[in-house]
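The residues of the chain are indexed from 1 along the displayed sequence.
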Amino acid sequence: MAPRTPRRSPLAVQILLLLAERPMHAYRMQRMIRDRRKDRIVNIAQRNSVYQTLDRLLRAELVEVADRERAAGRPERTVYRLTEPGRGTLDTWLREMLTAPAREFPEFPVALASLAHLAPEAAAGYLELRCEALRERIGEADADAGHAGAMGLPRLFTLEDEYQRALAETELRWVEGLVDDLRSGRLTWDAAWLEEVATRLEPEDSGPEAPGAD
(Lines give C-alpha, C1' and ligand atoms only; values in the text may rest on other atoms or scores of the structure.)
Protein backbone atom coordinates (compact mmCIF):
# COMPACT_ATOMS: atom_id res chain seq x y z
CA MET A 1 0.00 0.00 0.00
CA ALA A 2 1.36 3.42 -0.97
CA PRO A 3 2.05 5.77 1.94
CA ARG A 4 -0.62 8.37 2.57
CA THR A 5 0.32 11.95 1.62
CA PRO A 6 0.34 14.06 4.79
CA ARG A 7 -1.92 17.03 5.21
CA ARG A 8 -0.47 20.14 3.64
CA SER A 9 0.77 22.78 6.07
CA PRO A 10 2.87 25.95 5.73
CA LEU A 11 5.71 24.35 7.68
CA ALA A 12 5.66 21.17 5.56
CA VAL A 13 5.87 23.29 2.40
CA GLN A 14 8.76 25.31 3.83
CA ILE A 15 10.68 22.17 4.78
CA LEU A 16 10.25 20.67 1.31
CA LEU A 17 11.40 23.96 -0.22
CA LEU A 18 14.55 23.96 1.90
CA LEU A 19 15.31 20.36 0.98
CA ALA A 20 14.76 21.22 -2.68
CA GLU A 21 17.83 23.47 -2.29
CA ARG A 22 20.04 20.79 -0.70
CA PRO A 23 20.01 18.05 1.94
CA MET A 24 20.20 19.30 5.52
CA HIS A 25 19.43 18.39 9.12
CA ALA A 26 16.50 19.66 11.18
CA TYR A 27 18.49 22.14 13.24
CA ARG A 28 19.81 23.82 10.09
CA MET A 29 16.27 24.03 8.71
CA GLN A 30 15.10 25.74 11.87
CA ARG A 31 17.99 28.21 11.73
CA MET A 32 17.40 28.99 8.06
CA ILE A 33 13.69 29.57 8.64
CA ARG A 34 14.57 32.12 11.34
CA ASP A 35 17.51 33.68 9.48
CA ARG A 36 15.36 34.19 6.38
CA ARG A 37 12.52 35.52 8.57
CA LYS A 38 10.16 32.85 7.36
CA ASP A 39 9.09 32.32 10.98
CA ARG A 40 6.66 35.17 10.28
CA ILE A 41 4.74 32.97 7.85
CA VAL A 42 5.33 29.49 9.34
CA ASN A 43 4.92 28.57 13.00
CA ILE A 44 8.05 27.14 14.59
CA ALA A 45 7.29 28.45 18.08
CA GLN A 46 7.08 24.89 19.38
CA ARG A 47 10.55 23.45 19.77
CA ASN A 48 9.70 20.10 18.17
CA SER A 49 7.49 21.39 15.34
CA VAL A 50 10.16 20.93 12.63
CA TYR A 51 11.00 17.43 13.90
CA GLN A 52 7.35 16.38 14.05
CA THR A 53 6.67 17.66 10.54
CA LEU A 54 9.79 15.92 9.24
CA ASP A 55 8.60 12.68 10.81
CA ARG A 56 5.29 12.92 8.94
CA LEU A 57 7.06 13.69 5.65
CA LEU A 58 9.44 10.79 6.25
CA ARG A 59 6.59 8.32 6.83
CA ALA A 60 4.94 9.56 3.64
CA GLU A 61 8.25 9.03 1.78
CA LEU A 62 8.36 12.65 0.66
CA VAL A 63 11.78 12.94 2.33
CA GLU A 64 14.38 10.33 3.18
CA VAL A 65 17.49 10.02 5.31
CA ALA A 66 20.57 10.96 3.30
CA ASP A 67 23.27 10.77 5.96
CA ARG A 68 24.03 11.05 9.66
CA GLU A 69 26.49 13.65 10.92
CA ARG A 70 28.41 13.55 14.20
CA ALA A 71 30.55 16.53 15.10
CA ALA A 72 32.84 16.51 18.12
CA GLY A 73 30.96 17.30 21.29
CA ARG A 74 27.57 17.32 19.53
CA PRO A 75 24.81 14.73 19.22
CA GLU A 76 24.35 12.86 15.96
CA ARG A 77 22.25 14.74 13.42
CA THR A 78 20.16 13.14 10.72
CA VAL A 79 20.47 14.74 7.29
CA TYR A 80 17.35 14.58 5.11
CA ARG A 81 16.87 14.98 1.38
CA LEU A 82 13.89 15.45 -0.89
CA THR A 83 12.58 12.41 -2.78
CA GLU A 84 11.04 12.49 -6.25
CA PRO A 85 7.52 11.96 -4.78
CA GLY A 86 8.33 14.82 -2.41
CA ARG A 87 9.27 17.09 -5.30
CA GLY A 88 6.04 16.21 -7.11
CA THR A 89 3.98 16.80 -3.97
CA LEU A 90 5.68 20.17 -3.43
CA ASP A 91 4.81 21.24 -6.98
CA THR A 92 1.20 20.10 -6.48
CA TRP A 93 0.88 21.92 -3.17
CA LEU A 94 2.30 25.15 -4.59
CA ARG A 95 -0.08 25.01 -7.54
CA GLU A 96 -3.06 24.50 -5.25
CA MET A 97 -1.99 27.26 -2.85
CA LEU A 98 -1.46 29.79 -5.64
CA THR A 99 -4.59 29.05 -7.66
CA ALA A 100 -7.29 28.44 -5.04
CA PRO A 101 -7.86 30.72 -2.00
CA ALA A 102 -7.95 28.53 1.09
CA ARG A 103 -11.07 28.48 3.23
CA GLU A 104 -9.49 29.65 6.47
CA PHE A 105 -11.12 30.46 9.79
CA PRO A 106 -9.17 33.29 11.49
CA GLU A 107 -10.20 34.63 14.91
CA PHE A 108 -10.91 38.26 14.01
CA PRO A 109 -14.11 37.63 12.00
CA VAL A 110 -15.38 35.52 14.93
CA ALA A 111 -14.78 38.45 17.27
CA LEU A 112 -16.53 40.85 14.86
CA ALA A 113 -19.52 38.52 14.66
CA SER A 114 -19.68 38.67 18.47
CA LEU A 115 -19.36 42.45 18.82
CA ALA A 116 -22.92 42.80 20.12
CA HIS A 117 -21.81 41.02 23.29
CA LEU A 118 -19.83 44.16 24.20
CA ALA A 119 -20.89 47.71 24.83
CA PRO A 120 -20.13 49.98 21.83
CA GLU A 121 -17.63 52.03 23.87
CA ALA A 122 -15.72 48.92 24.95
CA ALA A 123 -15.70 47.59 21.41
CA ALA A 124 -14.29 50.88 20.12
CA GLY A 125 -11.55 50.84 22.76
CA TYR A 126 -10.49 47.30 21.91
CA LEU A 127 -10.45 48.08 18.20
CA GLU A 128 -8.31 51.16 18.79
CA LEU A 129 -5.75 48.89 20.43
CA ARG A 130 -5.89 46.69 17.34
CA CYS A 131 -5.20 49.75 15.19
CA GLU A 132 -2.09 50.46 17.25
CA ALA A 133 -0.88 46.88 16.78
CA LEU A 134 -1.51 47.09 13.03
CA ARG A 135 0.45 50.34 12.78
CA GLU A 136 3.35 48.67 14.59
CA ARG A 137 3.16 45.73 12.18
CA ILE A 138 3.24 48.07 9.19
CA GLY A 139 6.22 49.90 10.70
CA GLU A 140 8.07 46.60 11.15
CA ALA A 141 7.27 45.66 7.55
CA ASP A 142 8.67 48.98 6.32
CA ALA A 143 11.83 48.45 8.38
CA ASP A 144 12.21 44.94 6.95
CA ALA A 145 11.74 46.29 3.42
CA GLY A 146 14.45 48.87 4.04
CA HIS A 147 16.77 46.18 5.38
CA ALA A 148 16.09 43.95 2.38
CA GLY A 149 16.74 46.85 0.01
CA ALA A 150 20.03 47.65 1.73
CA MET A 151 21.07 44.02 1.30
CA GLY A 152 20.15 44.12 -2.37
CA LEU A 153 17.61 41.33 -1.91
CA PRO A 154 15.48 40.98 -5.07
CA ARG A 155 11.73 41.57 -4.75
CA LEU A 156 11.06 37.92 -5.60
CA PHE A 157 12.26 36.93 -2.13
CA THR A 158 10.19 39.47 -0.20
CA LEU A 159 6.78 39.05 -1.85
CA GLU A 160 5.25 37.50 1.26
CA ASP A 161 6.28 40.56 3.30
CA GLU A 162 4.82 42.87 0.65
CA TYR A 163 1.56 40.92 0.69
CA GLN A 164 1.25 40.90 4.48
CA ARG A 165 1.92 44.64 4.63
CA ALA A 166 -0.82 45.25 2.09
CA LEU A 167 -3.24 43.15 4.17
CA ALA A 168 -2.32 45.00 7.36
CA GLU A 169 -2.74 48.39 5.66
CA THR A 170 -6.14 47.43 4.24
CA GLU A 171 -7.30 46.07 7.59
CA LEU A 172 -6.09 49.19 9.38
CA ARG A 173 -8.11 51.47 7.12
CA TRP A 174 -11.22 49.33 7.61
CA VAL A 175 -10.88 49.09 11.40
CA GLU A 176 -10.21 52.83 11.68
CA GLY A 177 -13.46 53.44 9.79
CA LEU A 178 -15.31 51.05 12.11
CA VAL A 179 -13.94 52.83 15.20
CA ASP A 180 -15.03 56.18 13.75
CA ASP A 181 -18.55 54.81 13.20
CA LEU A 182 -18.64 53.56 16.79
CA ARG A 183 -17.29 56.79 18.29
CA SER A 184 -19.68 58.95 16.26
CA GLY A 185 -22.73 56.84 17.08
CA ARG A 186 -23.37 55.90 13.45
CA LEU A 187 -23.04 52.29 14.62
CA THR A 188 -24.47 51.59 18.05
CA TRP A 189 -26.72 49.24 19.99
CA ASP A 190 -28.21 48.68 23.43
CA ALA A 191 -29.93 45.82 25.23
CA ALA A 192 -33.45 46.84 24.18
CA TRP A 193 -32.53 47.07 20.51
CA LEU A 194 -30.71 43.73 20.61
CA GLU A 195 -33.75 42.09 22.19
CA GLU A 196 -35.98 43.58 19.51
CA VAL A 197 -33.73 42.26 16.74
CA ALA A 198 -33.56 38.81 18.34
CA THR A 199 -37.35 38.67 18.59
CA ARG A 200 -37.79 39.79 14.98
CA LEU A 201 -35.33 37.20 13.69
CA GLU A 202 -36.64 34.33 15.78
CA PRO A 203 -38.09 31.64 13.48
CA GLU A 204 -41.82 31.14 13.63
CA ASP A 205 -43.14 28.07 15.40
CA SER A 206 -44.37 25.78 12.63
CA GLY A 207 -46.19 23.43 14.98
CA PRO A 208 -45.14 20.09 16.46
CA GLU A 209 -42.26 18.32 14.83
CA ALA A 210 -42.86 15.25 12.72
CA PRO A 211 -42.25 11.90 14.47
CA GLY A 212 -38.61 10.93 14.32
CA ALA A 213 -37.37 14.45 13.60
CA ASP A 214 -34.15 15.48 15.30
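Although no hydrogens or angles enter the test, the distance criterion places a donor-acceptor pair under 3.5 Å between the side chain of W189 and the main chain of L118. S114 places no side-chain N or O within donor-acceptor distance of the main-chain N or O of H117, the cut-off being under 3.5 Å.
With a 6.0 Å radius and a threshold of 12 heavy atoms from other residues, nucleotides or ligands, E195 has its CD atom at or below the threshold. In the displayed structure, E128 atom CD is contacted under 6.0 Å by more than 12 heavy atoms of other residues, nucleotides or ligands.
Heavy atoms only, all atoms of each residue included: V175 and L127 are closest at CG1-O, 3.8 Å. Nearest heavy atom pair, residue L16 against residue L82, reads CD2-CD1, 3.5 Å. Closest approach of V63 to L58, counting heavy atoms only: O-CD1, 3.4 Å. Smallest separation of non-hydrogen atoms from A26 and L54: CB-CD1, 3.6 Å. The two residues A168 and R137 come nearest to each other via the heavy atoms CB-CD, 4.2 Å. For T158 against L153, the heavy-atom pair with the smallest separation is CG2-CD2, 3.7 Å.
A cation-pi arrangement is present between R130 and F108, with the terminal nitrogen or guanidinium carbon under 6.0 Å from the aromatic centre and inside a 45° cone about the axis.
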Open item on the list: Run L112 and L178 through side-chain contact (heavy atoms from CB on, under 4.5 Å) and show every step you take.
Closed with: CA-CA 11 Å; L112 289 173; L178 179 57; 4.0 Å; yes
TODO: Show your reasoning for whether side-chain contact (heavy atoms from CB on, under 4.5 Å) applies to R68 and H25.
DONE: CA-CA 9 Å; R68 299 188 189 276; H25 51 70; over 6 Å; no
Open item on the list: Checking E21 against R36 for the salt bridge (Lys or Arg N to Asp or Glu O under 4.0 Å) test, could you report, in this order, the C-alpha distance in whole Å, the side-chain angles of both residues, the deciding distance, and whether it holds?
Closed with: CA-CA 14 Å; E21 294 181 21; R36 295 179 179 184; 2.7 Å; yes
TODO: Begin from the C-alpha positions of R165 and D142 and carry the test salt bridge (Lys or Arg N to Asp or Glu O under 4.0 Å) through to its verdict.
DONE: CA-CA 8 Å; R165 188 197 186 286; D142 289 342; 2.5 Å; yes
Open item on the list: Would L182 and T188 count as a side-chain contact (heavy atoms from CB on, under 4.5 Å) here? Give the steps.
Closed with: CA-CA 6 Å; L182 288 166; T188 191; over 6 Å; no
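L17 and V50 fall within the same hydrophobic cluster, defined by Ile, Leu, Val, Met, Phe, Trp and Tyr side-chain heavy atoms under 4.5 Å apart, directly or through other members. A continuous path of ILVMFWY side-chain contacts below 4.5 Å connects M97 to L90, so both sit in one hydrophobic cluster. Side-chain heavy atoms closer than 4.5 Å link hydrophobic residues (I, L, V, M, F, W, Y) into clusters, and following such links, possibly through other members, connects L94 to I33. In the hydrophobic clustering of ILVMFWY residues, with side-chain heavy atoms under 4.5 Å counting as a link, L194 and L201 come out together. The cluster map of Ile, Leu, Val, Met, Phe, Trp and Tyr, joined by side-chain heavy atoms under 4.5 Å apart, puts Y126 and V110 in different clusters.
Here CG of L11 is found 9.0 Å from CD of Q30. Values are rounded to the nearest 0.5 Å. Taking CE of M151 as the reference point, atom CZ of F157 lies at 11.5 Å (rounded to 0.5 Å). Atom CG in L62 sits 4.5 Å away from atom OG1 in T89 (nearest 0.5 Å). Here CD1 of I44 is found 4.0 Å from CZ of R34. Values are rounded to the nearest 0.5 Å. Rounding to the nearest 0.5 angstrom, the gap separating the CD atom in Q14 from the CG atom in D39 is 10.0 Å. Annotation: the span from E162 atom CD to R155 atom CZ amounts to 4.0 Å, rounded to 0.5 Å.
With salt bridges taken as basic N to acidic carboxylate O contacts below 4.0 Å, one links D180 and R186.
With R135 as the partner, the side-chain hydrogen bond (donor to acceptor under 3.5 Å, both in side chains) test is satisfied by one option alone out of E176, E140, E169: E176.
Contact check for T78 versus D67: no side-chain heavy atoms found under the 4.5 Å cut-off. A heavy-atom distance below 4.5 Å is found between the side chains of L156 and L159. With a 4.5 Å cut-off on side-chain heavy atoms, E76 and E69 do not count as touching. Residues E96 and R8 form a side-chain contact, since some pair of their non-hydrogen atoms from C-beta on lies under 4.5 Å apart. Between R81 and E64 there is a side-chain heavy-atom pair separated by less than 4.5 Å. In this structure the side chain of L57 reaches within 4.5 angstrom of the side chain of P6, judged on heavy atoms. Looking at M29 and L19, their side chains come closer than 4.5 Å, going by heavy atoms from C-beta outward. For the pair C131 and L172, the minimum side-chain heavy-atom distance is below 4.5 Å.
Shown here are the side-chain hydrogen bond (donor to acceptor under 3.5 Å, both in side chains) partners of R7, two or more places apart in sequence or in another chain: there are none.
Applying the side-chain hydrogen bond (donor to acceptor under 3.5 Å, both in side chains) test to residues at least two apart or on different chains, the pairs with a partner in residues 49-60 are T53-R56, D55-R59.
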